[in-house]
Amino acid sequence: MKVLVATEKPFASIAIRQIRQVVEAAGYEFSLLENYSDPSQVNAAVEDADALIVRSDKVTSMILDAGKKLKVVVRAGAGYDNLDLESCTAHNVVAMNTPGQNSNAVAELVFELILFQIRCGFTGKTGFELRTKTIGLHGFGNVGKYVADISKGFGMDIYSYDPFVSERIMKNNSSKQITNLDELYKKCQFISLHLPFNDITKKSVGYDLLRLMPQNAVLVNTARKEVIDEDGLLRIFEERPDFCYLADVEPDCKKVFEEKYKGRYIFTAKKMGAQTEEANINAGVAAARQVVDYFKTGNEKFRVNK
Ligand code: NAD
């Protein structure tokens, strides 16, 4: 069996060492394609691979066509909108993710962005503090829970909206449940997005929600840029000089922000949420273990396609 790790943005080298160990200890061949500049390089590398591990790399029907021996694809990370699930199924390939493995890294990034912003980028200007402020978590899964945990440490008042998570789970994680999304946005000066990108959530955060936020509103998006309706976001920025947007990955309308709204936004140039050694090791090793487990026992616990 050959396991290919194909990542345009590489794992930390310590993570690669550990992934290799897991694969080789199982008696499989390890193969690595990093920093590739063209997806056609993945097509070539995947030709004789039985398993493929990726990060945010797109797994398209072209790659699946090229990987004639592929049996399993694992996205080392939580969101799996980069995998063409229908095509995986059509190619008889099991698709998996590694949920929860990078959640703390993402949650810490939320606060790294917030703190830099509300202390005015350490420019000497007077900022403000987090204690007693309200934070709303839109989506309360793995990352949302860690954000709640850190928010508690800052003495914030925490509210969460997630139609699929019970009040008890929220309460156990220091958060009050909000069942009406408008109410979440009305109540909270800080809103942090932790919902998946899918057909329902696409562009679901727009003007009608954002206009409800209180003064000095800060919207933090470490989820996916696609959940934002950028026209609505720009409208709010035009109307509300107090509004800030902090995002892990630049929006498509970044140029407008650069021209008009300096000081009111932070965009990471590359997705940075999971870019810690710990998260790389956790997600990479989990992906390798899931591949081995799938081959040895048929375990499909983290399967995301039908
Ligand atoms: P998760 O699956 O553990 O949690 C997502 C939560 O969203 C679930 O509890 C689900 O019930 C909830 N949800 C689904 N639809 C919803 C809706 N319409 N409204 C409100 N809640 C809804 O995922 P996670 O690991 O917590 O990741 C959250 C987001 O962060 C995802 O978009 C993921 O892709 C993204 N992410 C980004 C990075 C990064 O590097 N920036 C890393 C990991 C995850």
Side-chain angles (χ1 to χ4, degrees), residues 7-9 11-12 15 54-58 74-83 85 96-114 136-151 159-170 172-173 175 177-185 188 191-206 209 219-229 246-251 266-280 282-284 286-287 301-304:
T7 54
E8 185 263 320
K9 191 173 66 179
F11 281 112
V54 296
R55 300 187 69 200
S56 297
D57 313 77
K58 284 201 164 40
V74 186
R75 147 71 164 133
Y80 46 87
D81 43 292
N82 54 320
L83 310 182
L85 295 186
M96 299 184 188
N97 69 343
T98 63
Q101 300 293 340
N102 52 24
S103 310
N104 181 63
V106 182
E108 288 190 13
L109 180 71
V110 169
F111 285 90
E112 285 149 11
L113 293 169
I114 289 179
L137 309 179
H138 187 167
F140 199 77
N142 288 298
V143 179
K145 289 192 188 92
Y146 277 96
V147 174
D149 197 35
I150 300 174
S151 305
Y159 298 89
S160 301
Y161 170 88
D162 188 322
F164 309 104
V165 174
S166 69
E167 182 175 16
R168 186 180 53 82
I169 289 178
M170 291 182 184
N172 287 345
N173 288 276
S175 172
Q177 184 187 43
I178 298 277
T179 52
N180 178 309
L181 192 55
D182 282 5
E183 201 191 323
L184 186 83
Y185 280 73
C188 297
I191 292 280
S192 195
L193 303 179
H194 302 297
L195 64 174
F197 167 50
N198 55 38
D199 288 344
I200 295 167
T201 62
K202 185 178 180 180
K203 291 194 181 192
S204 62
V205 179
L209 281 177
L219 176 68
V220 189
N221 182 7
T222 55
R224 286 286 183 271
K225 69 176 178 182
E226 293 87 349
V227 301
I228 298 280
D229 170 21
L246 318 176
D248 188 19
V249 160
E250 307 162 340
I266 304 174
F267 304 141
T268 56
K270 285 224 167 196
K271 196 138 78 70
M272 290 302 298
Q275 206 56 4
T276 64
E277 270 189 8
E278 293 88 340
N280 277 200
N282 291 346
K301 182 172 174 200
F302 297 105
R303 183 173 185 150
V304 291

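Counting convention: from 1, in listed order, for ligands and their atoms alike.
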ask   = Rounded to the nearest 0.5 Å, how far does CZ of R168 lie from CG of N173?
value = 10.0 Å
ask   = For F111, which residues count as a ring pair (Phe, Tyr, Trp, His ring centres under 6.0 Å) partner, sequence neighbours excluded?
value = F154
task = Only counting residues at least two apart or in another chain, list the ones meeting ring pair (Phe, Tyr, Trp, His ring centres under 6.0 Å) with H194.
result = none
message = Tell me every residue that passes ring pair (Phe, Tyr, Trp, His ring centres under 6.0 Å) with F11, counting only those two or more places apart in sequence or in another chain.
response = none
query = Is it true that E8 and K270 have a side-chain N and a carboxylate O under 4.0 angstrom from each other?
reply = yes
Starting from the N and O atoms of ligand 1, collect every protein N/O partner closer than 3.5 Å and put each pair on its own line with the distance to 0.1 Å.
unit_1, atom_1, unit_2, atom_2, d
ligand 1, 3 (O), N142, N, 2.9
ligand 1, 3 (O), N142, ND2, 2.9
ligand 1, 9 (O), G141, N, 3.4
ligand 1, 9 (O), D162, OD2, 2.7
ligand 1, 11 (O), D162, OD1, 2.8
ligand 1, 11 (O), D162, OD2, 3.2
ligand 1, 26 (O), N142, N, 3.2
ligand 1, 26 (O), V143, N, 2.8
ligand 1, 32 (O), L195, O, 2.7
ligand 1, 34 (O), R224, NH1, 3.2
ligand 1, 34 (O), R224, NH2, 3.3
ligand 1, 40 (O), A274, N, 3.3
ligand 1, 41 (N), T222, O, 3.1
ligand 1, 41 (N), D248, OD2, 2.8

ask   = Are any of the side-chain heavy atoms of L181 and H138 separated by less than 4.5 Å?
value = yes
